[in-house]
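A, B, ... follow the sequence lines: proteins, then strands. Residue 1 opens every chain. Quick note: numbers below take in every heavy atom, side chains included, and nothing from hydrogens, waters or symmetry partners.
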Amino acid sequence: MELQVVDLGVARGGLPILQGVSFTLEAGQVLVLRGPNGIGKTTLLRAIAGLQPALSGHVSLDPEAVAYAAHADGLKSTLSVLENLTFWAQVYGTTDVAPALQAFALQNLADRPAQNLSAGQKRRLGLARLLVTGRPLWVLDEPTVSLDASAVTLFADAVRAHCARGGAALIATHIDLGLQSDLLDLTPFKATAMAQGDFDEAFL
Amino acid sequence: MSFWEYANPKRFMALSSAALPWFTALTALVLSVGLIWGFFFTPDDFRQGSTVKIIYIHVPSAFIAINAWLMMLVTSLVWLVRRHHVSALAARAAAPIGLAMTCIGLITGAVWGQPMWGTWWEWDPRLTSFLILGLFYLGYIALWEAIDDADTAADLTSVLCIVGSVFAVLSRYAILFWNQGLHQGASLSLDKEENVHDVFAYPLWTCIIGFVLLFITLVLLRTRTEIRARRVKALIARERMA
Amino acid sequence: MIALLIRDLRLAIRTGGGFGLGLAFFLIIAVLVPFGVGPDSAVLGRIAPGILWVGALLSCLLSLDRIFALDFEDGSLDLLATAPIPLEGLVGVKAFSHWLTTGLPLTLAAPVLGLLLSLPEPAYLWLILSLLIGTPALSFIGAFGASLTVGLKRGGLLLSLLVLPLYVPTLIFGAETIRRGAEGLGTATPLTMLGAITLGTLAVLPFASAAAIRINLR
């Protein structure tokens, strides 16, 4: 399992926002993406997860290796915690949801409908989904939003355990997770107006 | 130099600005010759009287209404396969013209049908098919208008155009099955024994050529407008980035 | 994929508004029409096939925008698109579960409403048969329309405008089957055509819808 990003450029709403992003991520590593709001962290992660095409450069990884978690948790409010998690486990062809529940301290909430959870509990459930995917590369967009300090510790532990099992994580976040991680600041990769390739440039 | 070079917006703008005056003049010439010929220098029909002369608008507009969709289908495919922006914008430009032609065809048909069949509207296969074609145009235009991002809109309308074409053909045969109508057969066809008489046919062909020229002129004009609109957007975007 | 189907059905039942609403709407149409055209059972019997088909079509339309919009809003669609289910399969499953919650109940309820509209006796078999064969096409065409409008804020009205013209062939062959059945004519042709349209939409439209969803997600 290795993620290799070479000279990647991405666009949002028809505008190029990042260019020339290159990095590699190996098994056992954590890479944290930094950068001011609007720099394009979310867009970059979506491109790596295969949800939108890159403007230039390329991403080399096995698409079957990625588990993606966005701002929205994708929870169904009328299903219980257990049902939500079991559904994703079945989609990814795994069966055991108990470790995921335990890792994010959700055992006591297992039968509660997702609509009755607090924001932080929902987030924990969304993150527990990562564990049932059984996939090695986690691509996470602001995973700690609305988590309290103890939940952040739970999350950091989960990432650490994941890396120990040979996984890797690419995380866009602003807070310090206390993890052994590399840091990539996206600010220098902001796209300049000149280097837009064939885009709407054709109309100028 | 390949044909696709013209798909570059700049090149297209240069070429179309040179061609447009010629097309405009030619359209005006052919259309006025055809219409004046048809309206004033052909005899009245022995059964239909002067009402027959509406054929010089009715048939060409119906012809354009169908072929405009065909042109949109081709340009949509070109956009999906080759990603030429001009192609997508030409499809967008053609849709309202096609809709207008459909309306003209329906209205002139109603005006013609009233004295002939004694009714403004009849659920006849041809009429009904045209009504459905109008609905397809409406949906297509509405989808273009609803989506903000230009490339997303181009992609989705192209998919709609392709699927719509299949269903349009399907509807045509479904409607034929549903009701055999009182509309006469095709007025002009190349392989049929019995066409309209030559006295009517020559001005009619002139009018059809005139309408085709009109369509080309309008599409060129509207595509230029669309390209300019995109250029404005691109400029605003660049301002914002700088 | 079976997990997805089960989830969708469970959601439709728990959230309400799924098939309950569509059925109620169907019922209301069948009840309102006699008020509009008068209680003459000869007239009603003649227009019943058309009313029932148009009613089924409109009730189907009612729940179309929920096929993808809900999953799009809560982020599930992004996650499902990165999950190991092909998007084409996802569309197929969602359209199928839409049919199970609208098309199938409509088909089962239609004979009762046919009674209200004094549908002639020989027509009942054809009513059920044509709805059973035709309504899957409504769901799959609708899913295509829904995938085109999934990213839009108020896509509901646009969705109807896009989908209704596409329903024309299905409606014509469906209603024609019942009408011919009621008059004792041969129904083989329209029924075969109806089946052909349904099979065609089942085979092709999931690919078009998946393409549209990919475009909408990027």
Side-chain angles (χ1 to χ4, degrees), chain B residues 69 73 76-77 79-81 83 88 95 98-99 102 123 125 127-181, chain C residues 50 53 134 137 140-141 143-177 179-180 189-194 196-198 200-201 203-218:
Chain B
W69 186 274
L73 176 62
S76 294
L77 282 170
W79 159 252
L80 284 182
V81 176
R83 315 298 289 178
L99 180 61
T102 310
W123 286 99
L127 273 65
T128 315
S129 304
F130 260 79
L131 202 60
I132 302 295
L133 182 65
L135 291 180
F136 274 106
Y137 274 121
L138 266 178
Y140 179 86
I141 296 170
L143 190 61
W144 259 113
E145 296 302 324
I147 302 167
D148 291 329
D149 183 67
D151 281 0
T152 307
D155 280 332
L156 292 178
T157 50
S158 297
V159 174
L160 176 67
C161 185
I162 293 164
V163 173
S165 303
V166 177
F167 276 88
V169 173
L170 213 57
S171 306
R172 171 91 183 103
Y173 288 100
I175 289 165
L176 268 180
F177 176 81
W178 170 68
N179 189 0
Q180 312 288 341
Chain C
W53 254 97
F140 274 77
I141 295 170
F144 170 66
S147 67
L148 284 177
T149 53
V150 70
L152 298 173
K153 289 280 175 297
R154 276 185 298 276
L157 204 60
L158 179 64
L159 177 62
S160 325
L161 187 60
L162 294 180
V163 162
L164 283 178
L166 301 178
Y167 278 171
V168 169
T170 310
L171 172 64
I172 288 177
F173 288 122
E176 192 70 21
T177 305
R179 209 176 67 190
R180 293 194 174 199
T189 318
L191 209 57
T192 320
M193 289 303 294
L194 196 63
I197 292 172
T198 302
T201 53
V204 177
L205 282 183
F207 293 94
S209 315
I213 289 179
R214 277 196 196 97
I215 293 163
N216 264 321
L217 283 184
R218 70 171 188 227

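- Among B:Asp148, B:Ile132, B:Val163, B:Ile147, the residue with the largest count of heavy-atom pairs under 4.5 Å with chain C is B:Val163.
- Rounding to the nearest 0.5 angstrom, the gap separating the CE atom in C:Met193 from the CZ atom in B:Phe177 is 8.0 Å.
- Residue C:Leu171 does not touch chain B at all, counting heavy-atom pairs closer than 4.5 Å.
- Using a 4.5 Å cut-off between heavy atoms, C:Ile172 contacts chain B through its side chain alone, with no backbone atom that close.
- The list of salt bridge (Lys or Arg N to Asp or Glu O under 4.0 Å) pairs with a residue in residues 152-171 of chain B, not counting sequence neighbours, reads B:Arg83-B:Asp155, B:Asp155-C:Arg218.
- Looking at residues two or more places apart in sequence or on another chain, you find a side-chain hydrogen bond (donor to acceptor under 3.5 Å, both in side chains) between B:Ser165 and B:Trp69.
- In this structure, chain B has no heavy atom under 4.5 Å from any part of C:Thr170.
- Listed here is the closest heavy atom pair of B:Leu156 and C:Leu148: CD1-O, 3.5 Å.
- The part of C:Arg180 that comes within reach of chain B is its side chain, from C-beta onward, which places non-hydrogen atoms under 4.5 angstrom from that chain.
- Here the shortest heavy-atom pairing between B:Leu138 and C:Leu161 reads O-CD2, 4.1 Å.
- Neither the backbone nor the side chain of B:Leu133 comes within less than 4.5 Å of any heavy atom in chain C.
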Side chain to side chain contact (heavy atoms under 4.5 Å, CB included) evaluation trace for C:Val168 with B:Phe136: CA-CA 11 Å; C:Val168 169; B:Phe136 274 106; over 6 Å; no

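- Taking CG of C:Leu152 as the start and CG of B:Leu143 as the end, the distance is 7.0 Å to the nearest 0.5 Å.
- Contact between C:Pro165 and B:Ser171 at its shortest, heavy atoms only, is O-OG, 4.3 Å.
- The two residues C:Leu158 and B:Ala146 come nearest to each other via the heavy atoms CD2-CB, 3.6 Å.
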Intermediate values then yes/no, side chain to side chain contact (heavy atoms under 4.5 Å, CB included), C:Leu164 and B:Leu135: CA-CA 9 Å; C:Leu164 283 178; B:Leu135 291 180; over 6 Å; no

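- Rounding to the nearest 0.5 angstrom, the gap separating the CD1 atom in C:Ile141 from the CZ atom in B:Phe167 is 4.0 Å.
- Between chain B and the residues C:Ser160, C:Ala208, C:Ala211, C:Pro190, the largest count of heavy-atom pairs under 4.5 Å involves C:Pro190.
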